Novice: 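Have a look at the structure that comes next, please.
Model, not experiment: these values are computed from the prediction. Sequence positions, counted from 1, serve as the residue numbers for this chain.
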Amino acid sequence: MDWNLTWHTENPDFTPCFQNTVLVWIPCIYLWVCFPVYFLYLRYHDRGYIQMSHLNKAKTALGLILWIVCWADLFYSFWERSQNIFRAPFFLVSPTVLGITMLLATFLIQYERIKGVQSSGVMMIFWFISLSCATIIFRSKIIHALNMDAEVDAFRYVTFCSYFVLLLVQLILCCFPERPPLFSETVNDPNPCPESSASFLSRITFWWITGLMIQGYRTPLEAKDLWSLNKEDLSEEIVPGLARNWAKECAKTKRQPLNMLYLPKKQQKSNDSNGDVTEEAEALIIKPTRRNSEASLFKVLYKTFGPYFLMSFLFKAAHDLLMFAGPEILKLLINFVNDKGAPNWQGYFYTGLLFVCACLQTLILHQYFHICFVTGMRLKTAIVGVIYRKALVITNSARRTSTVGEIVNLMSVDAQRFMDLVTYINMIWSAPLQVILALYLLWQNLGPSVLAGVAVMILLVPVNAVMAMKTKTYQVAQMKSKDNRIKLMNEILNGIKVLKLYAWELAFREKVLEIRQEELKVLKKSAYLAAMATFTWVCAPFLVALSTFAVYVTIDKNNILDAQKAFVSLALFNILRFPLNILPMVISSIVEASVSLKRLRVFLSHEELDPDSIIRGPIRDVEGSIIVKNATFSWSKSDPPSLNSINFTVPEGSLIAVVGQVGCGKSSLLSALLGEMDKKEGCVVVKGVNLSGGQKQRVSLARAVYCNADVYLFDDPLSAVDAHVGKHIFEKVIGPKGILNNKTRVLVTHAVNYLPQMDTILVMTDGEISEMGSYQELLKQDGAFAEFLRTYANAEQNMENSDTNSPAGKEGKPIENGVLVKEAPGKLVHRQLSNSSTYSSETGKSQHQSSTAELQRPLAEKEKNSWKLTEADTAQTGRVKATVYWDYMKAIGLFISFLSIFLFMCNHIASLASNYWLSLWTDDPVINGTQQYTNVRLGVYGALGISQGIAVFGYSMVVSIGGIFASRHLHINLLHNVLRSPMSFFERTPSGNLVNRFSKEMDTIDSTIPPIIKMFMGSTFNVIGACIIILLATPIAAVIIPPLGLVYLFVQRFYVATSRQLKRLESVSRSPVYSHFNETLLGVSVIRAFEEQKRFIQQNDMKVDANQKAYYPSIVANRWLAVRLECVGNCIVLFAALFAVIARNRLSAGLVGLSVSYSLQITAYLNWLVRMSSELETNIVAVERVKEYAEMEKEAEWSIEQAAPVSTWPQEGKVEFRGYGLRYREDLDLVLKNINVTINGGEKIGIVGRTGAGKSSLTLGLFRINEAAEGEIVIDGINIAKIGLHDLRFRITIIPQDPVLFSGSLRMNLDPFDQHSDEDIWRSLELAHLKNFVSSLPDKLNHECAEGGENLSVGQRQLVCLARALLRKSKILVLDEATAAVDLETDNLIQSTIKSQFEECTVLTIAHRLNTIMDYTRVLVLDRGEVVECGSPDNLLQKKGIFYSMAKDSGLV
């Protein structure tokens, strides 16, 4: 090396020796170092075989020619020796080495083809390095040849030129990918992911996704446009791997089993979504003595995903080192500008170096992120899959420890935490590394005064930590209020019918707003905190710089702050700021993930069902199809047995009834036969498959019949239907003449009237079989069965399920998780008022068309889809309209909005001014080793900084407070609008969507939008500021910035269109994963009974993959965008430096430092800006969706001043229907037509009719839940359509079909408006026969009811509704009789109370049990929406019409 030749010259060059050794050997060394690793990698990653193609032949041929060219040189050197021309030894060594390397390269080209590599990075980089080195030599050779008097070695010139050209061609060929391997999946995939067949260049720049971006820009993307996942990202590839590793790990630690105890939790108000207080249990892990016996989930995850993830370490380390290249090159540049004698080319060299470093940094960083995100995605897939598979085999006792909500949380929240952690986890070593490097470089620059700045930073860390802790506590408090509010909203939406019937909307609106007020208080506090945090975060870099420079200048007069020191330090401080801020975040993220890890481990370690406890299958030599020999079962290992020493045999093809009192273990017996319980002892053989027709579901009955098995288990399928349908089902399906008559049937039932037709009856008491025999035999024995008959005989008409008589209604409690689909006692079939039932005469079955009934899944699904579509479509397609932003600004208040913008401007002007001042300071001339005016400079710098801080604090506060104003305003509007919506709206809109508006969208408006606005404004002004500074320093940049800005905008708009749609597709495809999982958990025993686990696992995998299919392009799109934008940023760096070099004679060092250090930051700002603007666009949608409900149709006014009736109305209680007709929606037929009835005051009227005749619709009309389609209803001379809704609904009272209570005190449930005195309330409770019960409660009237009143029995709830009616004491009472909810005793209580208390009132009863209305004055019989018979009960019986046949069905005649 000769520095004079190479560096201190206008025309640099290398010595021939250096050219022929180092420059030749660099590519060779690279390839030989990579070879072993790469060879092994290829050996184990075989992707199939690629056929020879022209491309491949060309590459191979070129490789061989290159080898020949290199060795031609070698032989030429030998020839020269023979001619006695002795050259330096490298003329022999270099060609030899190079030739062998070319052979190796040729071998690799072929080996890659055999192993199915379509485009190779290793080779691409090799050819690139070779060409770069050759270019230098080539230039030097040309310069040499142009030198007139130099001798030229012709042969070597020719070989070298051909070598150079061949390298160039190889490099170009290397850019094209090979064809896909034979037998690869992509061949038969309709829409394969282009990634696998993309070339290396396309991969590192993410060019391969551009096609999708263009498509998404032209038309909004749909699910069918998405690519299939890569094979290695599919569930069926990933999940089994993790499952296998976990099983291995468990087997290792199984030698010492994990002791688990399941303790019942205290009876508490559980806050899971169903609000039922099942006896949950808690899993306690008893610590084994040896610590290492727990299976470590972390180890398993590391084993499964570690190898791929390890790549990211290398990338991250490379990126961190490159990060510090920027400031170092900046230092050289400033020196270059100061040193007027330096040759020009050095400036261009630094500029080029800066640009190359920046570009490399970009490519490496995004490869790193890509690896992280893909790993995160695979982690999530694996975790979801493993949890799903586990949920199918876990025992019922373990099932009880985790509510459905918790398990779904494992899938959503915890899996998400792992995904988030993966991107951060490398910061654990990278952040300290960055800090140490930065401090080292700073020390070199400024010496010990750095410590002042570091001290400030370290002081700020605990401040930030304290704030984070505080924020966390506020968040918890806010979450708590939010949960309460959502719980209440949930209840309101579920009980909206009752609220409207009672006209209680206002009382509940106040309750919600009260909670909301609490929530906003907390929000305000956290807003102040957020302002503080922003203040420290924005001012930190400034304070650090100020303190460092102040100390540096004041310690020693001779310390001069020149441009190099100031701006290099600023650049390093900017680097420092990131790791210091992110470390606390990473640590908290790791803590959260470790909690999640533990929860997952506990869940995956739960006990599993023993599949062999029941012998299944066709066993020929035995004497029956079900044989149970003294078997004892319990629900879990630690529970006492629920079934004791059971012995029975069921002969093939017989019909068996299982009867007994509530809670005696009938359903448990079925569960035991299905293998759902823990068998303690005994032997069970069940021949063939066994299917459970779950309670209350005709659908599952049909499914069971369709499956054509040998053994059928029925869990009381008759309880949920009325007498007519029950009879039909028994005769046609289950009974001796039904379609299953030659199968074995076990039927749990309460219907006494079918028992005589049974072959055998098992009578159960307290988990044991007390008697067994046919109907006649058991009657003769006069034991438990005869007693059972006596209990139920008087309930003959009560064809419904009387299980729920007992106050506790705990039908075999644990089955809640098993066979019975969760149902609160009493909600046997949700026929609420609204069941707009259409009656189809052909089948004689009714189909409810209401969103409340849950029996018609297929129909509901179809409708749901049509709703779902209207839901999604109205919300969002295309760009967010500007009006939405304007709406939000109006919600904040225009004054505050403009004030915040003004404060933003002030802050950034101050910030620019302070840095500009710094550059002027550094340019101060040095006189006798010191600078003049140091103190003035320092003072102004500090003042500017402080004013910047004040502005920051100001805008932070203003934006946060403005955000709170906005969210208060938007929430009140939303709540009011939803409560004013008509009933039809709630039936059309799934309550989930509404709750979503109140939880998710409101949460976004509360806590996501304000910070995003802050960051968006901040980065916008930062970018503008940086551009201004660059323009100040080098005005010529004005030529280049606008075009770059346009490119930037174009790329950004391009991206947002696609990314927004991908985000939507991703969230749309996410909910099916959770809902499918929910359904699986609730019906897991049915799935096991039908042995359909495999199909469900496949379905789950498909749903997860469908979700990841949208997620994968969205992460790649993010990388695509970032690479493009950073290139724009890098160009700005390039031009800023380039123009500074060009204009170096006019520029001071201070300005160069200023403009280049700003341009170095611009990349980060641009990235932020795009992320924030797309975040803002995604989140502002929440405002749009909340506003959406303001434009919905409303029901009539609640009260109309002019038309308000007198306060005593109605005096008489006379109700007239005049030509009345009613329809549910515009597009449906009339449900009621021309009804003309006059009901005089004080009459007692029964309304009867088959299911779906329009009985309930009549009350809906009376309360104007649905407005009349024709005709009118007149009460005491006032047409009810003319007055306000509340005026009407307050004056008539209803006792609804299902007794709805709200969580809150008992008093609140009786009198939410606090209109009545305590005496009144006690009197009404006494009349409703509740006085004894309520006075026995510790809190009496303030007794807290659980959500839905779950802590009262159904009968008691019904009586509370009666007490409400007694308290209102209005002239007209509507009684919508509960179908199956109430036992006979309560029923008699209610009837007698109504007779005595409402003697002079008009009572309309919708009757299901005819015996209750036999003594009424008149009966209306409805059929298909018309009155067909009307008169006193006795007259109608003599007529022998519909009423007579109904009475006959009920056994009254």
Novice: Please answer whether the main-chain N or O of Gly653 pairs with a side-chain N or O of Asn742 as donor and acceptor at a distance below 3.5 Å.
Specialist: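 Between the backbone of Gly653 and the side chain of Asn742 there is no qualifying donor-acceptor contact (under 3.5 Å).
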Novice: If you apply the rule side-chain contact (heavy atoms from CB on, under 4.5 Å), what do you find for Phe633 with Val684, and how did you get there?
Specialist: CA-CA 11 Å; Phe633 294 96; Val684 182; 3.6 Å; yes
Novice: Run through Lys1094, Arg1095, Arg1088 and flag the one making a side-chain hydrogen bond (donor to acceptor under 3.5 Å, both in side chains) with Glu1092.
Specialist: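 Option passing the side-chain hydrogen bond (donor to acceptor under 3.5 Å, both in side chains) with Glu1092: Arg1095.
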Novice: Could you check whether any side-chain N or O of Asn647 sits under 3.5 Å from a backbone N or O of Asn630, counting only pairs where one atom can act as donor and the other as acceptor?
Specialist: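 The answer is yes, because a donor-acceptor pair under 3.5 Å joins these two groups.
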Novice: Using every non-hydrogen atom in the two residues, find where Leu609 and Thr395 come nearest and quote the distance to one decimal.
Specialist: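 In terms of heavy atoms, the two residues are closest at N-CG2, 3.6 Å.
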Novice: Of all the heavy-atom pairs spanning Leu778 and Gly773, show the shortest one and how long it is.
Specialist: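 Heavy atoms of Leu778 and Gly773 come nearest at CD1-O, 3.8 Å.
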Novice: Are the side chain of Glu1429 and the backbone of Ile1442 linked by a donor-acceptor contact shorter than 3.5 Å?
Specialist: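 Answer holds: yes.
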Novice: Within the distance-only criterion (no hydrogens, no angle test), does the side chain of Thr760 pair as donor or acceptor with the backbone N or O of Ile656 below 3.5 angstrom?
Specialist: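 No, because the side chain of Thr760 does not come within donor-acceptor range (under 3.5 Å) of the backbone of Ile656.
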Novice: For Tyr712 and Thr744, does a side-chain donor sit closer than 3.5 Å to a side-chain acceptor?
Specialist: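 Result is no, nothing qualifies.
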Novice: Roughly how far apart are Ser1432 OG and Gln1438 CD, rounded to 0.5 Å?
Specialist: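 Output value for this atom pair is 8.0 Å.
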Novice: Other residues, nucleotides and ligands only: do more than 12 of their heavy atoms fall within 6.0 Å of NZ on Lys680?
Specialist: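 Yes - once you tally the heavy atoms of other residues, nucleotides and ligands closer than 6.0 Å, there are more than 12.
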Novice: Examine distances only and state if a side-chain atom of Arg745 and a backbone atom of Ile734 form a donor-acceptor pair shorter than 3.5 Å.
Specialist: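 Yes; judged by distance alone, with no hydrogens or angles, the pair exists.
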Novice: Please report the shortest heavy-atom distance between Cys1430 and Leu1420, naming the atom on each side.
Specialist: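 So the two residues come closest at SG-CD2, 3.3 Å.
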Novice: What distance separates Asp678 CG from Thr632 OG1, expressed to the nearest 0.5 Å?
Specialist: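 Answer for the CG-OG1 pair, Asp678 versus Thr632, is 11.0 Å.
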Novice: Do Lys780 and Glu777 meet the salt-bridge criterion of a basic N to acidic O distance under 4.0 Å?
Specialist: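 Looking at Glu777 and Lys780, the cut-off is not met.
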